[in-house]
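Basis for what follows: all heavy atoms, side chains included, without hydrogens, waters or symmetry-related copies. In this text, all values refer to a predicted model and were calculated from it rather than measured experimentally. Residue numbers begin at 1 in each chain, while the letters A, B, ... track the order of the sequences.
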Amino acid sequence: MSDVIVLAEHFDSEVKKVTLELVTAARSLGSPVVLWLGAGCTDSVVETMGSFGASQVLVADSDAVRNHPVAPGAEIVAELIGSMSPAAVLVASSADGKEIAARAAIKSGSGIITDAVEIAADGTVTQSVFGGSTIVHSKVTHGTPIITVRPNAIPATQAPTTATKTDITPAVSEAAQKVTITNRAVVEKGARPELAEAEIVVSGGRGVGGAEGFGVIEQLADSLNGAVGASRAATDAGWYPHQFQVGQTGKTVSPQLYIANGISGAIQHRAGMQTSKVVVVVNKDPEAPIFELADYGVVGDLFSVVPQLTQEISSRK
Amino acid sequence: MKIAVCVKQVPDTWAEKKLRSDDSRLDREAADGVLNELDEYAVEQALQITEALGGEVVIVTMGPERAAETLRKAISMGADAGIHLVDDHLAGSDAIATSAALAKALEGRGFDLILFGSESTDARMSVIPAMIAERLDLPQVTFAQKVDVSGTTLTAERVTDYGYDVLTTELPAVVSVVEKINEPRYPSFKGIMAAKKKPVETLTVGDLGLEASVVGAAAAWSAVADFAARPPKAAGVVVTDEGNGGTKIAEYLTSQKFI
Ligand SMILES: Cc1cc2nc3c(=O)[nH]c(=O)nc-3n(C[C@H](O)[C@H](O)[C@H](O)COP(=O)(O)OP(=O)(O)OC[C@H]3O[C@@H](n4cnc5c(N)ncnc54)[C@H](O)[C@@H]3O)c2cc1C
Ligand SMILES: Nc1ncnc2c1ncn2[C@@H]1O[C@H](COP(=O)(O)O)[C@@H](O)[C@H]1O
């Protein structure tokens with residue numbers, strides 16, 4: 001069975017859920033081999049990868065990988081494509097993931113498909129485009145298929161095996177080290193699930209009225225174990241940190257449940273949440289375009305509807 | 001400082017986008033073409049840099065005849081010149097071929113900075129800037145929410161999942177910007193009039209020194225097998241709050257097994 005390279009998405013030694021989704025998807029194409037760039041690949045990480053079906057974990061950790069974005073990763077992926085002739089390379093549809101995929105595609109003479117939501121055993125990729133209005137099936141026709149996969153699209157399932165861990169030390173060229181990371185600003189993530197990976201997202205917009213208003217949004221999110229999101233109007237006003245912006249220029253989310261509170265539904269916001277499975281809307285303007293997406297909507301003031309909802313959820317649990 | 005800004009003509013943001021049934025390509029005729037709004041931030045950034053440090057801004061686009069309007073629109077913000085890659089052989093190019101053509105057009109012209117928007121609103125791939133950096137062997141600083149140029153050193157904040165990274169590199173470099181970086185200006189009447197007289201170079205595949213076989217639909221390294229409109233979502237239920245809106249939602253969420 002041929003290998004399928006999976007580029008791990010992680011933050012320090014925390015594996016992101018999408019990595020397990022990628023390993024799951026890789027199983028239908030061949031034997032998943034995880035590539036871990038940088039530090040943090042502990043034995044327990046390797047064990048987790050194995051429990052989802054990875055046969056090997058290759059760790060490429062060096063100063064070159066840690067201190068320079070994208071280009072070193074692309075070189076390593078391209079080198080592995082050359083030496084392993086994998087059936088495919090699967091990467092998360094994150095900023096780094098897409099760019100590593102893009103550069104590796106050029107280096108290895110391979111076609112690339114971004115934002116897959118499904119991958120069939122014959123390599124046919126399903127994409128959901130134009131805000132989810134159109135379903136496209138396509139296939140890479142040249143070189144090694146390089147496919148970026150949307151978080152939360154392919155459910156991770158276990159397939160226990162034992163993964164072996166191998167340190168690889170690929171050479172990284174000078175050219176790939178021209179950009180240096182001099183500082184890393186990490187915003188406190190807190191206890192809530194990560195936005196892009198959350199099953200439930202509760203968002204607030206301009207209707208929340210201020211930073212204090214996000215208290216009711218956070219309480220609702222916590223009652224459902226969900227993540228908090230925000231519209232650009234709310235992040236630009238400084239009511240909520242930019243990292244939580246949902247939309248074209250923020251995060252793309254695809255949760256089971258999206259609750260939009262005080263958000264009008266501008267096209268740029270929809271672009272980031274339109275593929276949510278169930279959408280609930282609270283807005284006091286019955287004409288707000290966000291109602292077009294609603295499976296269930298309430299026309300009303302979020303400051304009375306949302307706390308009542310939170311209360312109800314707590315009492316029903 | 002010589003800066004290129006790559007801009008793309010995309011279907012109007014609010015227009016319904018559809019693929020054509022005969023060749024599975026985006027039906028660009030069906031909607032007005034507009035300047036990809038994220039590219040406006042790249043043009044603005046270029047203008048701010050040259051206003052501070054002196055220099056020249058050249059707008060570069062690849063697209064059919066009518067993309068010339070978009071090129072003029074970008075120039076009318078205050079740029080100095082344009083380059084338009086226009087050739088029927090380019091039609092149907094995928095990202096790989098688009099980056100090959102743009103890279104050839106940008107190469108050897110002495111640009112200190114090549115600016116991009118962070119994504120096009122139609123393709124939404126966010127791969128062209130990285131591919132150009134790869135092809136031209138230039139440092140890439142993408143998803144920048146802040147850019148400073150001092151001498152030949154560029155410092156930027158790259159937006160990440162966890163916050164941002166501060167990056168430094170030496171010029172020349174490829175940079176893509178996010179919408180947080182600035183507030184794009186509207187073209188002034190003077191700018192619009194001046195743009196009509198700014199030089200625009202048009203380039204064919206031959207002018208780029210590329211074989212026609214490496215661009216266009218036939219050279220695409222991925223192919224659409226089929227596509228379909230997603231069945232329309234059943235219309236949802238919308239109720240007016242009469243003091244029990246929260247309870248109503250809770251009942252709905254219970255029926256959907258979220259609670
Ligand atoms: C290049 C570009 C990129 C962009 N990217 C993004 C993006 O990534 N994400 C994003 O979200 N936006 C993005 N935008 C901005 C987008 O166009 C909208 O401006 C933004 O989404 C509006 O946010 P909003 O819905 O919170 O505010 P508004 O449009 O002002 O809507 C507020 C809503 O709250 C309702 N409301 C007010 N008070 C209450 C109350 N007490 N109870 C209930 N409802 C109430 C109002 O009826 C209204 O519908 C982008 C714009 C541009 C140009
Ligand atoms: N045909 C094109 N002509 C010029 N620039 C382009 C073209 N396509 C994409 N770009 C640039 O690349 C960026 C990212 O596009 P994409 O990778 O398609 O999401 C855009 O914001 C533009 O700056």
[X] versus chain A, heavy atoms under 4.5 Å apart: side chain, backbone, both or neither?
{"X": "B:T155", "answer": "neither"}
{"X": "B:Q145", "answer": "neither"}
{"X": "B:D161", "answer": "both"}

If you round to the nearest 0.5 Å, how far is [atom2] of [Y] from [atom1] of [X]?
{"X": "A:I106", "Y": "B:S99", "atom1": "CD1", "atom2": "OG", "value": "3.5 Å"}
{"X": "B:I249", "Y": "A:Y296", "atom1": "CD1", "atom2": "OH", "value": "7.0 Å"}
{"X": "A:T249", "Y": "B:K180", "atom1": "OG1", "atom2": "NZ", "value": "5.5 Å"}
{"X": "A:Q243", "Y": "B:Y162", "atom1": "CD", "atom2": "OH", "value": "10.5 Å"}

inquiry  = Determine whether B:L253 and A:V280 satisfy the following criterion, side chain to side chain contact (heavy atoms under 4.5 Å, CB included), listing intermediate values before the conclusion.
reply    = CA-CA 9 Å; B:L253 294 181; A:V280 170; 4.1 Å; yes

ask   = In terms of heavy-atom pairs under 4.5 Å, which option from B:T142, B:T240, B:V239, B:L19 contacts chain A the most?
value =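 Most heavy-atom pairs under 4.5 Å with chain A: B:V239.
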
Which one, [options], leads in non-hydrogen pairs under 4.5 Å with chain B?
{"options": "A:I259, A:T114, A:T134, A:I135", "result": "A:I135"}
{"options": "A:A101, A:S94, A:G109", "result": "A:G109"}
{"options": "A:Q268, A:K107, A:K317", "result": "A:K107"}

ask   = What pair of heavy atoms forms the shortest contact from A:Q256 to B:F258, and how long is it?
value =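 Nearest pair, atom of A:Q256 first, then B:F258: O-CZ, 3.6 Å.
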
Sidechain N-carboxylate O distance under 4.0 Å for A:K178, B:E170 =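 Answer for the salt bridge query: no.
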
key: Pairing of B:E157 and A:R184 as salt bridge, 4.0 angstrom limit   =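 No, this pair does not count.
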
Scan the side chains in residues 303-316 of chain A for donor-acceptor partners under 3.5 Å anywhere in the protein, sequence neighbours excluded, and list what turns up.
unit_1 : atom_1 : unit_2 : atom_2 : d
A:S304 : OG     : A:D301 : O      : 3.1
A:Q308 : OE1    : B:G245 : N      : 3.4
A:Q308 : OE1    : B:G246 : N      : 2.7
A:Q308 : OE1    : B:T247 : N      : 3.3
A:Q308 : NE2    : B:G243 : O      : 2.9
A:T310 : OG1    : A:V306 : O      : 3.0
A:E312 : OE1    : A:R316 : NE     : 2.9
A:E312 : OE1    : A:R316 : NH2    : 3.4
A:S314 : OG     : A:T310 : O      : 2.9
A:S315 : OG     : A:Q311 : O      : 3.4
A:S315 : OG     : A:E312 : O      : 2.9
A:R316 : NH1    : B:T254 : OG1    : 3.2

ask   = Step by step, would you call B:Y164 with A:V187 a side chain to side chain contact (heavy atoms under 4.5 Å, CB included)?
value = CA-CA 8 Å; B:Y164 63 88; A:V187 174; over 6 Å; no

task = Apply side chain to side chain contact (heavy atoms under 4.5 Å, CB included) to the pair B:V178 and A:H242, showing each step before the final yes or no.
result = CA-CA 12 Å; B:V178 299; A:H242 276 304; over 6 Å; no

inquiry  = Under the criterion side chain to side chain contact (heavy atoms under 4.5 Å, CB included), I'd like the reasoning laid out for B:V224 against A:H137: C-alpha separation, chi angles, the key distance, then a yes or no.
reply    = CA-CA 6 Å; B:V224 171; A:H137 292 117; over 6 Å; no

request  = Write out, in numerical order, the residues from residues 123-130 of chain B with a heavy atom short of 4.5 Å from a heavy atom in chain A.
outcome  =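 Counting heavy atoms that sit under 4.5 Å from chain A, the residues of residues 123-130 of chain B involved are B:R124, B:M125, B:S126, B:V127, B:A130.
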
